Amino acid sequence: MCRCTRLPTNRGRGQKRGRRPSPAASREPVRKGTAMPVIERTVDKNSDLYKLRHSLAHVLAQAVQELYPGVKLGFGPPIDDGFYYDFLFPEGVVLTDEDLKGIQKRMQKICREDQPFVQEDLPFEQAIARLTEMGEPHKVEYCKELHDKKGFDTIGFYTNGPFVDMCEGPHVENTKNLRPDCFKLHSLAGAYWRGDEKNVQMTRIYAYAFESKDELKAHAQAVEEAKKNDHRILGQKLGIYSIADEVGKGLPLWLPNGAAIRHELEKLAYEMEFAAGYHKVSTPEITREGLYYTSGHLPLYKHSMFPPMELYEEGPGGGGEGDENPTERYYLKPMNCPHHHMIFKAQKHSYRDLPLRISEYGRCYRFERAGALQGLTRVRGMCMNDAHIYVTPEQLKDEFKAVMDLHKTYYDLFGFEDYYLRLSQWDPDDPKKGDKYVDDPEGWAFTEKVVQEALEELGLSYTMERGEAAFYGPKVDYEFRTVTGREFTATTNQLDFAVPKRFGLVYTDSDGEEKTPYCIHRAPLGTHERFIAILIEHYAGAFPTWLAPVQVNIIPVSEKVIDYAKKLEAMLRKDLVRTELDDSNATMGKKIRSGTTRKIPINLIVGEQEAEQNTVTMRRYGIEDQPVLALDTFVSELRDEIRDRVDVRRDMR
RNA sequence: GCCACCGUAGCUCAGUGGUAGAGCACACCCUUGGUAAGGGUGAGGUCAUGGGUUCAAGUCCCAUCGGUGGCUCCA
């Protein structure tokens with residue numbers, strides 16, 4: 001991509017006009033696209049911080065036991081920014097946010113006491129006896145597991161004051177080492193025992209904890225600050241999307257500004273895919289059920305699909321109560337792959353056609369559970385940057401690598417740095433593997449080797465997850481964290497050695513034999529919904545010009561120059577630049593403020609001087625200097641900036 | 001789906017049982033202004049929805065719907 005031609009970024013240029021800007025205090029700060037405050041992801045178990053958090057978790061349990069006799073304990077580990085503890089409260093006791101204050105107070109009291117942490121190891125039988133006597137059924141269960149499955153002969157316990165917990169440690173020496181002002185209980189949540197929703201739901205209390213009061217305060221502030229970049233806040237403020245009860249949860253409405261971003265992403269994808277030899281296709285959003293038996297979505301994926309639309313002899317809606325047998329069932333598509341396979345099948349293919357790459361920004365609908373929905377990151381209706389690539393075994397690795405390269409091109413363009421790759425493989429030792437994976441150990445061995453080699457040949461680092469594969473093959477996911485700290489798979493590259501066979505897809509090889517192709521499922525721009533959520537947060541709502549919903553805002557100094565401003569607007573719009581003219585009856589300062597708070601990348605000031613000299617004064621978002629540019633220079637350089645998708649503020653993010 | 005909390009104007013929020021409020025945004029008028037909020041006037045709400053308690057409910061209770069934070073699940 002050419003980056004040599006670009007509009008001046010205004011930095012280092014001397015041209016300034018007018019007064020100095022007013023004091024910064026009156027301004028909306030130009031936010032950086034920061035993610036969550038930096039958090040230690042893996043705290044060393046012997047570090048002071050780990051001991052502190054671990055010990056405070058015990059103090060929390062101790063305080064809760066004192067205040068709510070009869071409470072049962074679950075797990076209480078240190079986490080990234082503090083710790084939590086899970087409790088099962090006696091029947092009828094419901095904890096609310098208000099109660100946290102009282103618990104925190106009791107904890108602080110314990111911290112002021114002189115209670116040494118004393119460690120002891122008990123033989124397994126004695127440990128069970130003690131936990132049983134303590135009335136801790138969950139601890140007993142876990143203790144047995146440590147013994148039976150992990151071979152522990154002795155079990156560790158820690159005692160401080162009146163409180164005893166089964167625990168491997170380590171801890172601080174004494175509760176008085178725990179500062180009462182460096183932790184804060186901040187939220188309550190339901191959590192299933194051992195993370196299994198078939199188990200009882202316990203009450204989890206979360207806390208922040210740091211080594212000093214200042215760090216705690218800084219963390220709480222950073223969390224507040226990060227929330228301002230939340231795509232749900234900015235999406236509302238910048239008019240990107242809206243979710244209306246009347247339409248349905250998880251079904252976003254894209255406002256004009258959001259639709260403009262979608263348009264740019266689709267244009268980007270089209271250009272990249274066209275150049276890489278993809279063929280664009282289009283498929284319907286509803287489909288007869290039979291296709292999903294072929295694909296295996298029914299019944300395997302049924303829980304994530306909207307229930308079917310049923311047709312009866314007498315027409316849609318049916319012939320009434322007695323008419324129980326629909327003649328046809330249609331489903332909203334949850335994925336595009338079955339349709340793309342049908343497109344492959346619609347024509348006869350030779351090995352000469354391969355790799356055959358078919359792509360579509362396809363709309364899919366999934367019945368996500370209500371509690372899982374979240375802004376744009378988790379929705380029920382989505383539009384996916386999908387493509388399926390059919391290849392011979394020989395082509396598989398290179399094509400998989402080409403998709404990884406495409407990812408890299410996109411990620412470099414956006415300047416993404418804060419993400420990681422996750423390689424998901426099957427789990428041959430999973431007792432339920434028959435339900436989760438295609439039963440073809442050789443296929444798994446081959447494709448996993450291909451994927452791993454591809455990653456290594458490209459020199460990419462990744463984490464490996466056993467048991468996280470798709471049912472048809474291994475995959476590489478690109479994982480992101482939102483400003484609120486949630487992790488999401490943004491984009492994906494998957495290998496499929498099973499489904500083409502189910503569909504009976506074949507190509508004629510050079511030897512005249514019909515063979516089944518491998519398939520790569522890929523979505524390097526993910527779905528519009530999740531990807532735009534990431535972009536909003538990444539750019540803190542201040543998009544580079546090519547992606548910005550409104551690219552140029554024209555601010556006439558007075559009505560005297562309205563004709564010049566209108567001419568300018570018409571000229572830019574003719575060039576397909578998303579331009580607005582602020583001809584409202586407001587002062588110039590007000591218009592600048594408004595253009596800036598809307599994070600429009602370029603505000604143009606035009607007054608009598610500009611009109612006379614055929615120039616514009618360019619005010620870029622987040623950049624102080626304001627050059628005066630000849631009109632044709634501005635237009636041609638803007639055109640280049642947009643065409644080359646240059647992000648002039650890249651180094652400032 | 002489960003646990004906790006929340007739902008008042010387009011947005012952000014105040015209003016703890018007795019005549020629905022503010023700021024921003026919006027409309028109109030004055031102002032024609034050279035770099036982050038000029039002034040005035042006005043419109044806008046069955047207080048999410050439906051029941052209940054009460055002489056009286058935005059306020060108390062119940063249910064439903066929606067949102068937030070988690071758990072589970074996932075692009």
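Since the model is a prediction, treat every value here as computed from it, not as a measurement. Letters go in sequence order (proteins before strands), and every chain restarts at 1.
When heavy atoms are screened at a 4.0 angstrom cut-off, A:G195 is found touching the sugar-phosphate backbone but no base atom. Base contact: A:A372 has a heavy atom under 4.0 Å from a base atom. Looking at heavy-atom distances under 4.0 Å, A:M382 makes contact with a base. The residue A:V94 sits close only to the backbone: its heavy atoms come under 4.0 Å of sugar-phosphate atoms, none of a base. At the heavy-atom level, A:K560 lies under 4.0 Å from the strands shown only through sugar-phosphate atoms. Residue contacts for A:L95: at a heavy-atom cut-off of 4.0 Å it reaches the sugar-phosphate backbone alone, with no base atom in range. Among the atoms of the strands shown, only primed sugar atoms or phosphate atoms (P, OP1, OP2) are found under 4.0 Å from some heavy atom of A:K475.
Proximity note for A:E559 (side chain, C-beta onward) versus B:G33, B:G34, B:G66: the nearest is B:G33. When distances are taken from the side chain of A:Q494 to each of B:G34, B:A75, B:G1, the shortest belongs to B:A75. Ranking B:U72, B:G33, B:A36 by closeness to the A:S558 side chain, first place goes to B:G33. Across B:A36, B:A75, B:G38, the shortest atom-to-atom separation from the side chain of A:T587 is found for B:G38. Taking the side chain of A:Q236 as heavy atoms from C-beta on, and the options B:A36, B:G69, B:C11, the nearest nucleotide is B:C11. Candidate nucleotides B:A75, B:A37, B:G69 were compared by shortest atom distance to the side chain of A:K590, and B:A37 ranks first. Listed nucleotides: B:A4, B:U72, B:G34. Nearest to the side chain of A:L188: B:A4. Nearest nucleotide to the side chain of A:I592, out of B:A36, B:G34, B:G69: B:A36. You'll find that the side chain of A:E368 is closest to B:C73, out of B:G34, B:C73, B:G67.
A:Y142 has its ring centre less than 6.0 Å from the ring centre of A:F75. With ring centers used as reference points, A:Y411 lies under 6.0 Å from A:F480. Taking the six-membered ring wherever Trp is involved, the centroid distance between the rings of A:Y331 and A:H297 does not fall below 6.0 Å. Centroid-to-centroid, the aromatic rings of A:H538 and A:F414 stay 6.0 Å apart or farther.
A side-chain donor-acceptor contact under 3.5 Å links A:R53 to the backbone of A:D80.
Below the 3.5 angstrom threshold, one finds a donor paired with an acceptor across the side chain of A:T527 and the base of B:A75. A donor and an acceptor atom never sit less than 3.5 Å apart when one is taken from the side chain of A:R204 and the other from the base of B:C71. Side-chain N/O atoms of A:R530 and base N/O atoms of B:C74 include a donor-acceptor pair closer than 3.5 Å. Judged by distance alone with a 3.5 Å cut-off, a donor-acceptor contact links the side chain of A:N585 to the base of B:U31. Scanning atom types as modelled, no donor and acceptor separated by under 3.5 angstrom connect the side chain of A:Y192 and the base of B:G70. Taking only distance into account, the side chain of A:Q201 meets the base of B:C2 through a donor-acceptor pair shorter than 3.5 Å. One N or O donor and one acceptor, one from the side chain of A:E610 and one from the base of B:G34, sit under 3.5 Å apart.
Nearer to the 5' terminus of RNA chain B, by closest-nucleotide assignment, is the contact made by A:G607 (compared with the other of A:E468 and A:G607). Comparing A:G248 and A:G526 by the nucleotide of RNA chain B that holds the closest heavy atom to each, the one mapping nearer the 5' end is A:G248.
Both distances falling under 3.5 Å, in either a Watson-Crick or a G-U wobble arrangement, occur for no nucleotide opposite B:U32. Under the Watson-Crick or G-U wobble criterion, with both distances below 3.5 Å, B:G45 is left unpaired in every strand shown. Base-pair partner of B:U53: not found among the strands shown (Watson-Crick or G-U wobble, both distances under 3.5 Å). Base pairing analysis places B:G17 opposite nothing; no Watson-Crick or G-U wobble pair with both distances below 3.5 Å involves it. The partner of B:U68 is B:A4, by the rule that a Watson-Crick or G-U pair needs both atom distances under 3.5 Å. In this structure, B:C24 and B:G10 make a Watson-Crick or G-U wobble pair, each of the two defining distances being under 3.5 angstrom. Pairing for B:U59 is absent, with no Watson-Crick or G-U wobble pair whose two atom distances lie under 3.5 Å.
Rounded to whole Å, atom C1' of B:G70 lies 13 Å from atom CZ of A:F488. Separating the CD atom of A:E98 from the C1' atom of B:C3 is a distance of 17 Å, rounded to the nearest angstrom.
The shortest distance between the side-chain N/O atoms of A:R486 and the OP1/OP2 oxygens of B:G70 is below 4.0 Å. For A:Q374, a side-chain nitrogen or oxygen approaches OP1 or OP2 of B:G69 to under 4.0 Å. When the side-chain nitrogen and oxygen atoms of A:K249 are compared with OP1 and OP2 of B:G66, one or more of them lie within a distance under 4.0 Å. Applying the 4.0 Å criterion to OP1 and OP2 of B:C71, one finds that A:Y206 has a side-chain N or O inside that range. OP1 or OP2 of B:U68 lies within a sub-4.0 Å distance of a side-chain N or O belonging to A:R232.
Looking at A:E479 and A:Y419, their side chains never bring a donor and an acceptor atom within 3.5 Å of each other.
Between B:G7 and B:A14, the two C1' atoms lie 15 Å apart (nearest whole Å). When the C1' atom is compared between B:C24 and B:C60, the two are found 33 Å apart, to the nearest whole Å. Between B:A48 and B:G10, the two P atoms lie 12 Å apart (nearest whole Å).
Ring geometry for A:H231 versus A:Y241: interplanar angle under 30°, hence parallel rather than tilted (30 to 60°). Between A:Y437 and A:W426, the angle of the ring planes goes over 60°, which puts this pair in the perpendicular group of the 30/60° scheme.
With sequence neighbours excluded, the residues that form a salt bridge (charged side-chain N to carboxylate O under 4.0 Å, His left out) with A:E197 are A:R369.
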